[in-house]
2 protein chains.
Amino acid sequence: MLNQSAEYGLRAAVHLATLPDDEHASASDISERTKVPIPYLQKVLRTLTRAGVLKARRGMGGGFSLAKASNEITVLEILDAFDSSPQRIEKCPLGISGHTRLCPLHSLIDEQVANAVQIFATTTIRDILDTQSDIKPLCESQARVTLGLPTDKQTG
Amino acid sequence: MLNQSAEYGLRAAVHLATLPDDEHASASDISERTKVPIPYLQKVLRTLTRAGVLKARRGMGGGFSLAKASNEITVLEILDAFDSSPQRIEKCPLGISGHTRLCPLHSLIDEQVANAVQIFATTTIRDILDTQSDIKPLCESQARVTLGLPTDKQTG
DNA sequence: GCATAAGTGGACAGTCAACTCCACTTATGG
DNA sequence: CCATAAGTGGAGTTGACTGTCCACTTATGC
């Protein structure tokens, strides 16, 4: 569905959204919380910064924070930063002339893509945090405590 | 959404489904109709044959045909042959213990996947051919006539 | 203003999907 | 039974994505 970078980017954004508004988190803080290898995470964070999703601050006490309010950052926006938003089928993949719309085969596929894109475009990071669930995104506060024995169980 | 092989495999299956029941089409016939490079298509066809979607017949007059009725071949089945069915998220990608379900972030994504999988699992090749549309899958019969100048226009 | 914390940029290595080739096998038909 | 049509198997190439490293720049704070 989406590539590794996008998955990591989402985790980072969700984590940053849980922080008090003007607080920064360093790459290694985020890495711990999101379980993403630091070197790769740094690259991901840079990408999100260039895309205008995050703000970076250098130097001591620096780090990353959201560039706008969490309800102004859509999931799609983050996927796009990593070329990972599901691709709509714009025109016939066979490139045959004479038709102006997709045939049933490609319509079927494109419809599924369209559905997903629509949801991702209208869901913000805030929405994710606001979702009613006993499981918090990235396992939030409890995570640190239970972290001793990382098992492969179902989580979130 | 799906990889190239799966896209090619779907085209081939749809094309074969338009042929009279016991008729075979050679790889190069299918290549022409589906606009897929022959060498790669051959590999795709082999994969579908091994997966039990197609039957192959060697020697002169041989070729490929569907291994079962077109209404018994689902889109998902073909995607699966190429490891291209959208992957459900089974367990927390962060691998944190203590939770038994997905967190809101991963639920959101998994829901989109689930939707698509559900549709693909219940749509057969026959359904695609039966879809009401003035545009036929792979541009069917008219295609050969207009094929002289392949332009990049919208089709299906 | 120097030591140190922290982000930046870009180069580099591994893996996998996309795609190509070719030598081999099977079957038909004259 | 030989020439030829057609599928099979597997090796090889390229390029994108994943992931790592390091030298460099910026900012803080003592």
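In what follows, every chain begins at residue 1, and chains take the letters A, B, ... in the order their sequences are listed.
- Nucleotide dA6(C) holds its P atom 12 Å from the CD atom of Glu32(A), rounded to whole Å.
- When side chains are defined from C-beta on, His106(B) counts as touching Glu7(A), because their heavy atoms get closer than 4.5 Å.
- Across all strands, Pro39(A) comes closer than 4.0 Å to base atoms (heavy-atom distances).
- Atom pair Leu2(B):CG and dA17(C):P shows a separation of 14 Å (rounding to whole Å applied).
- Residue Ala27(B) is the one, among Gly61(A) and Ala27(B), whose nearest nucleotide of DNA chain D lies closer to the 5' end (criterion: closest heavy atom).
- Donor-acceptor pairing under 3.5 Å, judged by distance alone, is present between the side chain of Arg46(B) and the base of dG9(D).
- Contact check, Tyr40(A) against dT18(D): a side-chain N or O comes under 4.0 Å of OP1 or OP2.
- Atoms CD (Gln42(A)) and C1' (dT18(D)) sit 15 Å apart, rounded to a whole Å.
- For the pair Arg50(B) and dG9(D), the criterion of a side-chain N or O lying under 4.0 Å from OP1 or OP2 is met.
- Put simply, NZ on Lys43(A) is 11 Å from C1' on dA16(D), counting in whole angstrom units.
- If you take CD on Glu32(B) and CD1 on Ile38(B), they are separated by 8.5 Å, rounding to the nearest 0.5 Å.
- With respect to the salt-bridge test (charged N to carboxylate O, under 4.0 angstrom), the residues Glu77(A) and Lys68(A) qualify.
- Side-chain proximity of Ser26(A) to dG7(C), dA18(C), dT28(D): nearest is dG7(C).
- Note: CG (Leu41(B)) to P (dT8(D)) measures 12 Å, nearest angstrom.
- To the nearest angstrom, P of dT28(D) lies 10 Å from NE2 of His24(A).
- In this structure, Arg126(B) pairs ionically with Asp130(B), as a charged nitrogen and a carboxylate oxygen lie closer than 4.0 Å.
- Going from atom CZ of Arg58(B) over to atom C1' of dT8(D) covers 5 Å, rounded to whole Å.
- For the pair Gln87(A) CD and dA16(D) C1', the interatomic distance rounds to 15 Å; values are reported in whole Å.
- For dC19(C), the OP1/OP2 oxygens have a side-chain nitrogen or oxygen of Tyr8(B) closer than 4.0 Å.
- A sub-4.0 Å separation between OP1 or OP2 of dA6(D) and a side-chain N or O of Ser28(B) is absent.
- Annotation: of the two residues near DNA chain D, Met60(A) and Ile38(A), the 5′-most nearest-nucleotide partner is Ile38(A).
- Thr124(B) and Asn71(B) are not linked by any side-chain donor-acceptor pair at a separation below 3.5 angstrom, with hydrogens and angles left out of the test.
- When the side-chain nitrogen and oxygen atoms of Thr49(B) are compared with OP1 and OP2 of dG7(D), none of them lie within a distance under 4.0 Å.
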